[in-house]
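Everything numeric in this text was worked out from a predicted model, so none of it was measured. Letters A, B, ... are given to chains in the order of the sequence lines, protein chains preceding strands, and every chain is numbered from 1.
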Number of protein chains: 2
Amino acid sequence: MPTPRPAHSRDESVETIQRELTAFARRARATAARVHPELSLVSFTLLAHLQEQQGCRATDLAAHYMLDKSTVSRQVAALEKLGYVERRPDPDDQRVHVLHPTAAGHQALEAAHTRRRTLLKERLADWPEEDLARFADYLVRYTEAWGTTPLRGQAGASGMCSSAQSASASIAGPSAAPASVSR
Amino acid sequence: MPTPRPAHSRDESVETIQRELTAFARRARATAARVHPELSLVSFTLLAHLQEQQGCRATDLAAHYMLDKSTVSRQVAALEKLGYVERRPDPDDQRVHVLHPTAAGHQALEAAHTRRRTLLKERLADWPEEDLARFADYLVRYTEAWGTTPLRGQAGASGMCSSAQSASASIAGPSAAPASVSR
DNA sequence: CCCGTATGGTTGCAAGTAGCAACATCCAAG
DNA sequence: CTTGGATGTTGCTACTTGCAACCATACGGG
């Protein structure tokens with residue numbers, strides 16, 4: 001089938017993306033709570049980020065996820081208390097604590113990750129591989145666009161602990177141009 | 001460029017989708033708070049749903065968004081207190097309150113909507129229209145898949161106030177088959 | 001017609017989460 | 001040495017959410 005869908009106007013598409021993304025956000029927490037009760041959605045996310053980044057600073061996490069530094073501080077403290085995260089003082093700057101997932105953290109993360117991935121896989125089981133790849137690309141691109149939009153008195157502009165970065169590097173290749181994904 | 005991206009394995013794609021969706025969820029609230037401080041993300045979502053559906057019951061909202069009915073009850077109460085929502089007793093069943101957005105609610109929603117959409121549009125400005133449409137379709141399909149996955153003692157299976165439904169109806173045409181979007 | 005059960009919705013309670021503000025510590029200039 | 005900025009932590013407060021208990025209403029069988 002060439003293009004059986006009706007021609008979507010730009011507005012319609014934007015509208016839908018907005019609605020669906022919002023709905024998703026709403027459910028994410030509920031799902032997270034069910035899939036890995038131990039780790040809150042935020043903790044999970046932060047821990048995952050640490051794993052991907054091979055350690056980074058609390059401030060970067062806060063910036064990247066638009067969280068207050070106090071929130072990150074507490075989440076990290078919790079993760080540390082669980083033995084999932086380790087703080088290493090930065091020799092170059094005594095103020096910063098470089099955060100690293102511990103072996104236990106790695107493991108816990110992997111477990112939670114697997115469970116979530118299993119669910120996702122079920123959910124996406126009937127998707128053609130190509131669609132999956134494209135969907136992933138879209139999400140990455142969306143996230144990338146996020147960082148470049150000022151939005152407000154935001155953090156995130158300075159985030160160097162960017163998941164979008166690692167994402168595009170690992171999956172979309174070196175800066176996949178928007179047009180390149182089309183068609 | 002034909003297909004400059006590296007071949008993504010299914011796992012990689014699922015992985016990315018998971019990560020990005022999670023990250024998005026994390027930011028959604030913060031963004032919502034900045035874009036429309038008046039309406040919480042949940043309130044906004046619920047109100048939007050009421051608008052789309054031309055009214056529905058609290059239980060349906062709870063089911064669709066995986067929220068506890070108490071939560072919905074409170075959110076709705078808040079919306080009502082703001083004058084954004086109106087409850088109409090159902091003549092057929094005295095237990096149910098059919099919820100409808102008021103004119104003020106409509107307006108507030110529209111305003112918030114516009115602001116969000118503006119942001120989104122900026123963010124997606126350089127996306128080819130076709131990619132937008134496809135991205136929207138993917139999201140809708142993802143949401144649809146959501147409802148069919150048991151997951152747990154979930155609600156959502158009985159939700160007849162389905163946004164995915166309306167979404168696919170309004171944008172993807174009458175049941176666009178998954179395969180139809182591919183390629 | 002009455003009672004038991006199921007469903008819709010509200011409220012009490014407790015836990016978790018977030019942001020703001022104040023503070024301690026440390027780096028970097030001047 | 002002093003001032004300004006950055007990194008984190010903690011106190012405090014407000015909000016959100018889920019669970020459980022609780023009314024009100026419907027539905028069905030004696």
Side-chain angles (χ1 to χ4, degrees), chain A residues 25-34 36-46 56-82 85 87-99 152-155 158-161, chain B residues 25-34 37-46 55-82 85 87-99 152-155 158-161:
Chain A
R26 178 42 228 135
R27 298 191 239 215
R29 256 181 76 175
T31 306
R34 284 170 175 74
H36 39 74
E38 302 251 330
L39 261 44
S40 75
L41 177 60
V42 177
S43 290
F44 176 82
T45 306
L46 296 185
C56 76
R57 306 176 307 162
T59 300
D60 294 333
L61 290 177
H64 188 66
Y65 290 102
M66 286 208 239
L67 285 166
D68 191 80
K69 45 182 187 166
S70 64
T71 300
V72 172
S73 176
R74 280 182 249 268
Q75 297 283 352
V76 168
L79 285 173
E80 193 184 14
K81 197 163 67 181
L82 284 172
V85 140
R87 329 167 111 111
R88 304 182 190 160
D90 184 338
D92 295 340
D93 188 336
Q94 294 294 7
R95 293 172 301 178
V96 334
H97 296 176
V98 182
L99 306 169
R152 257 276 203 108
Q154 86 310 12
S158 62
M160 40 207 43
C161 227
Chain B
R26 177 40 229 138
R27 299 192 240 213
R29 253 181 82 173
T31 306
R34 283 169 175 74
E38 301 252 330
L39 264 42
S40 75
L41 178 59
V42 177
S43 291
F44 176 82
T45 306
L46 296 185
C56 75
R57 306 177 307 164
T59 301
D60 294 332
L61 291 176
H64 188 67
Y65 290 104
M66 286 207 236
L67 285 165
D68 192 80
K69 46 182 187 167
S70 65
T71 301
V72 173
S73 176
R74 280 182 250 269
Q75 296 284 352
V76 168
L79 285 172
E80 194 184 14
K81 198 163 66 181
L82 284 173
V85 139
R87 333 167 105 109
R88 304 182 190 162
D90 184 337
D92 295 339
D93 188 337
Q94 293 293 8
R95 291 172 302 180
V96 335
H97 297 175
V98 183
L99 306 170
R152 257 280 200 103
Q154 88 309 12
S158 62
M160 39 207 43
C161 230

(message) Taking side-chain contact (heavy atoms from CB on, under 4.5 Å) as the definition, give me every residue that meets it alongside A:V96, ordered by chain and number, with sequence neighbours left out.
(response) A:R57, A:D90, A:D93, A:V98
(message) What range of DNA chain D does chain B touch, first nucleotide to last, counting atoms under 4.0 Å from its heavy atoms?
(response) D:dT16 to D:dA26
(request) May I ask you to test the B:L99-B:L79 pair for a side-chain heavy-atom distance under 4.5 Å? (result) no
(message) How would you summarise protein contacts on nucleotides 2-18 of chain C per nucleotide, using B for base, S for sugar-phosphate only and - for none, with heavy-atom distances below 4.0 Å?
(response) ----BBSBBBBB---SS
(request) Measure the shortest side-chain to side-chain distance between B:V85 and B:V76 over non-hydrogen atoms and say whether it is less than 4.5 angstrom. (result) yes
(message) Applying side chain to side chain donor-acceptor pair (under 3.5 Å), can you list everything that pairs with B:T45, at least two apart in sequence or on another chain?
(response) none
(request) Enter the distance from A:T59:OG1 to A:L67:CG here, rounded to the nearest 0.5 Å. (result) 12.0 Å
(request) Kindly write out the residues that satisfy side-chain contact (heavy atoms from CB on, under 4.5 Å) with B:S40, not counting sequence neighbours, or none if the list is empty. (result) B:V42, B:S43, B:Q75
(request) Please collect all salt bridge (charged side-chain N to carboxylate O under 4.0 Å, His left out) contacts where either partner lies in residues 66-80 of chain B, sequence neighbours excluded, each pair once. (result) B:E80-B:R87
